[in-house]
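Remarks on the structure that follows.
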Amino acid sequence: MTEGGVAARAGTARPWWLWFAGAMAVVVVATPFIRPSGPRNAAELTAAAVVAPALVLGLRLHRPRYRLGWHVLLAAVIYTVVSNVLWPVLTPGADFLYYTTYPLLGVALAVLPVQGRRSLWFAGYTEAGIIAGGAAVVWWTLLVDPLVLDPGRLPDQAHIVVFPMLDVLLFALALRLLLVAGVRSVAYLLIAAMTFALLTADTAFFVSVVAGGGAPMVSQVSWLLSNTLLGTAALHPSMAVAQPAPGDAETLDGVGGTRVYIVTVVATPILTGIYLLHEAMNGGVNAADIVVPVGATALTSALVVTRMRQINQIARRHAVALQESLSRQEELQGELRHQAQHDSLTGLPNREVLYERITAALAAGSTGALIVADLDGFKDINDRFGHAVGDDLLLAVAGRLLELVPDGSVLARLDSDEFAVVVRDADVVACTRLGERFLSATREPFTVQAHELFATVSLGLRELDPELLTGDVLRDAYLALHAAKAAGRDQLTRWTPALTEEKLAVSRTVERLRGAIERDELVVHYQPLIRLADERMTGVEALIRWQPAGGPMIPPDKFIAAAEDSGLIVPIGTWVLHRACEVVAGWQRLGHPLAASVNVSPRQLREPDFAALVLDALRTSGLPPASLILEITEGVLVASGAVTEQAIRHLETLRARGVRVAIDDFGTGYSSLAYLRDLPIDHVKIDKSFMPSGAGDPALRAMVKAIVDLAAGLRLGTIAEGVETAGQAAFLRELGCERAQGYYYSRPVPAADLLTAFQGRKSVF
């Protein structure tokens with residue numbers, strides 16, 4: 001039972017210990033006023049007898065976890081009661097019964113503070129011996145010698161001197177009980193007070209007998225008091241929680257224990273010296289004067305020396321343990337530093353170590369370079385085969401790169417699929433050759449969990465320059481890496497100032513683009529979609545243009561990529577969608593039933609509310625859903641992962657409302673034609689790169705025919721882009737292509753200019 005649980009029970013249970021203490025106190029106070037010895041003896045016997053039920057009741061009420069000590073106390077009490085009952089019958093040999101009570105009490109006091117703590121079984125006995133020796137000297141010099149030996153009044157019942165001496169031992173064990181337990185227990189304090197009451201009673205009885213009397217009232221009251229204290233201790237709730245606190249098994253904790261120990265050690269030799277000096281000045285010193293006090297002092301001194309040796313041994317063990325702890329702590333700190341500075345998967349140094357190595361190389365003015373490597377298509381491998389295969393692939397790549405890293409260089413893993421090498425004391429040619437060896441090594445397939453995987457890398461190289469900071473070197477290396485990725489991957493790109501200028505130009509473009517909508521610098525141009533069967537306009541494609549105030553128009557290829565990377569394509573795409581829907585809805589209200597074709601960025605399809613935004617644009621503009629065509633790239637739909645699944649859900653939701661979907665630039669990607677059967681699309685836009693330039697190019701003509709026939713078989717509409725000549729238009733019409741757009745019909749023009757075309761050409765939807 002926990003201490004908190006016992007405390008809670010104590011707060012609600014009946015205060016048996018108070019009732020018992022109160023009742024016994026009445027008996028104790030009344031005893032001196034009971035003149036006849038018979039009733040007084042009966043009261044004393046009854047008071048002693050009720051202690052046993054009190055112990056039993058305490059055990060049942062509080063249910064201590066460790067009961068052995070209390071059971072031994074119960075046995076001692078029962079034995080004492082029996083001895084009291086038999087004493088009149090066995091006189092004069094009844095004292096033997098009382099002597100045999102002391103071993104039981106001693107065992108109980110020895111067991112109580114150490115139950116459940118094997119390490120404490122032999123703790124505190126040195127201190128108990130020192131206390132007992134000191135108490136024996138005090139007791140002998142103050143009572144036995146002046147009252148018994150000096151007057152020569154040793155009675156026939158000299159054996160009764162044994163009782164106080166045994167009480168001294170019990171009192172010493174009680175003090176050990178308080179010191180070793182390590183807790184402030186009311187029950188333990190009451191037990192210690194009980195032993196002191198016994199010592200007082202038996203000492204008074206001894207003095208009275210020596211003087212020729214019987215049991216004095218002090219003894220009788222003290223015996224009653226000892227029974228009262230023991231019964232109260234058994235009934236007090238603290239008897240269930242008086243367990244030893246964690247601590248050193250060979251030391252006595254607490255200020256109180258230290259004070260008792262010091263007082264005993266100091267007082268014993270002083271009292272012995274005073275006693276012997278007194279005896280020498282008053283008639284000489286005999287053998288009895290020397291044996292007991294000097295023997296007790298010698299025993300105390302021996303125990304003190306023993307205790308000092310124990311303390312020294314404990315100190316040495318603590319020193320050894322401390323040294324071992326410090327060593328373990330140092331090892332642990334080393335392990336923690338290693339873990340903090342190394343990748344948990346590959347065991348390679350991490351970004352922190354790489355940063356330190358670059359800093360050290362720059363400070364030393366070393367030649368060399370930083371090479372940053374990034375796996376190509378690693379996300380697709382994770383998506384297709386799972387992260388376990390991806391992790392094994394990273395281990396294989398790290399092992400292959402590590403074999404090529406020269407001595408004095410460090411290979412580090414930076415992020416998921418990024419590695420970096422700091423090459424020192426090498427010129428740029430040697431560093432470039434190392435990068436080329438990396439490329440060659442990773443072009444070979446990797447066998448991972450029975451899969452043959454290809455994992456090429458893109459590399460960015462930046463020469464070390466002592467004039468730069470570490471962050472600058474890392475920044476430039478990443479610029480070169482991104483350039484290698486943009487150039488087609490599986491290649492190495494060295495940093496040049498032009499890369500930084502290009503990056504700065506993109507940054508400036510992004511900053512200017514952020515306010516383009518607010519400054520009304522973005523405009524939408526429209527290119528007609530022509531039905532080839534009768535060359536009538538059936539719709540328009542909305543194309544964004546950027547016209548800065550007072551400057552030349554910026555074509556889309558100069559800012560769309562920056563808008564994609566920065567995320568600005570989302571608000572820009574939303575604005576274009578709303579604007580195109582409003583303009584085309586206005587034309588429809590004028591009697592021109594055209595459709596609006598709007599390009600959608602892959603970044604827009606990642607937005608969770610994309611479908612809601614499209615429906616909102618249709619609702620606010622009044623454009624029918626069937627009059628809107630969303631153009632997407634095929635890569636958005638054929639890739640894997642949660643983003644693609646979300647994009648497909650958006651498009652399925654919109655198609656269910658009537659919106660149509662077209663795949664833009666079809667044929668330039670990497671998709672399988674089988675995807676066309678299952679994807680949520682309505683039209684295929686043939687890329688302008690397939691348009692034959694003349695009567696030749698039979699391969700292109702065959703490819704266009706295959707796309708048109710495939711789309712017709714799947715009941716998909718076809719729109720050809722980049723039509724610039726009448727021959728191309730005739731060719732497409734001959735193949736059965738439905739619609740076309742291009743410079744042959746019209747360049748992208750502002751909405752107002754396109755109205756002129758409506759006047760001369762009937763639009764058909």
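Given the structure is predicted, the values throughout are model-derived calculations rather than measurements.
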Evaluate the side-chain contact (heavy atoms from CB on, under 4.5 Å) criterion for residues Val111 and Val72: first the C-alpha distance (whole Å), next the side-chain angles of each, then the deciding distance (0.1 Å), finally the verdict.
CA-CA 9 Å; Val111 168; Val72 176; 5.8 Å; no

Is the backbone of Leu198 close enough, under 3.5 Å, to the side chain of Ser226 for a donor and an acceptor to pair up by distance?
no

If you look only at distance, which donor and acceptor atoms sit under 3.5 Å apart when one is on a side chain in residues 321-334 and the other is two or more places apart or in another chain?
unit_1, atom_1, unit_2, atom_2, d
Ser327, OG, Gln323, O, 2.9

Asp167 CG to Thr203 OG1 distance, which is reported to the nearest 0.5 Å
6.5 Å

pair His71-Leu59: side-chain heavy atoms closer than 4.5 Å
yes

Mind running side-chain contact (heavy atoms from CB on, under 4.5 Å) on Leu74 and Val51 for me, showing each step along the way?
CA-CA 8 Å; Leu74 176 61; Val51 176; over 6 Å; no

With sequence neighbours excluded, tell me which residues meet side-chain hydrogen bond (donor to acceptor under 3.5 Å, both in side chains) with Ser416.
none

CG on Asp391 to OG on Ser344, rounded to 0.5 Å:
9.0 Å

Apply side-chain contact (heavy atoms from CB on, under 4.5 Å) to residues Leu57 and Phe20 and explain how you reach the verdict.
CA-CA 11 Å; Leu57 180 60; Phe20 179 85; over 6 Å; no

Nearest 0.5 angstrom please: His342 NE2 to Leu348 CG, how far?
8.0 Å

Could you list the residues that satisfy side-chain contact (heavy atoms from CB on, under 4.5 Å) with His387, not counting sequence neighbours?
Asn382

Just jot down the ring-ring contact (aromatic ring centres under 6.0 Å, His included) partners of Phe196, sequence neighbours excluded, or say none.
Phe171

Supply the atom-to-atom distance His236 NE2 to Ser185 OG, rounded to the nearest 0.5 angstrom.
8.0 Å

Name the one of Leu235, Leu230, Leu229 that satisfies side-chain contact (heavy atoms from CB on, under 4.5 Å) with Leu190?
Leu229

Residues passing the side-chain hydrogen bond (donor to acceptor under 3.5 Å, both in side chains) test with Thr200, sequence neighbours excluded, are none

Could you give me the CA-CA distance, side-chain angles and deciding distance for Leu55 and Trp70, then say whether side-chain contact (heavy atoms from CB on, under 4.5 Å) is met?
CA-CA 8 Å; Leu55 280 165; Trp70 293 101; 3.8 Å; yes

Does the Thr195 side chain pair with the main chain of Ala174, one donor and one acceptor, at a distance under 3.5 Å?
no

Rounded at 0.5 Å granularity, tell me how far CG in Leu474 sits from CG in Leu354.
6.0 Å

Drop me the distance from Leu189's CG to Met194's CE, to the nearest 0.5 angstrom.
12.5 Å

Checking Leu170, Leu173, Leu109 against Ile191 for side-chain contact (heavy atoms from CB on, under 4.5 Å), the one that qualifies is Leu109

Just checking, is any N or O donor in the side chain of Asn350 or Gln341 under 3.5 Å from an acceptor N or O on the other one?
no

Is there any salt bridge (charged side-chain N to carboxylate O under 4.0 Å, His left out) pair reaching into residues 341-362, and which pairs are they, with sequence neighbours excluded?
Asp343-Arg413, Arg351-Asp415

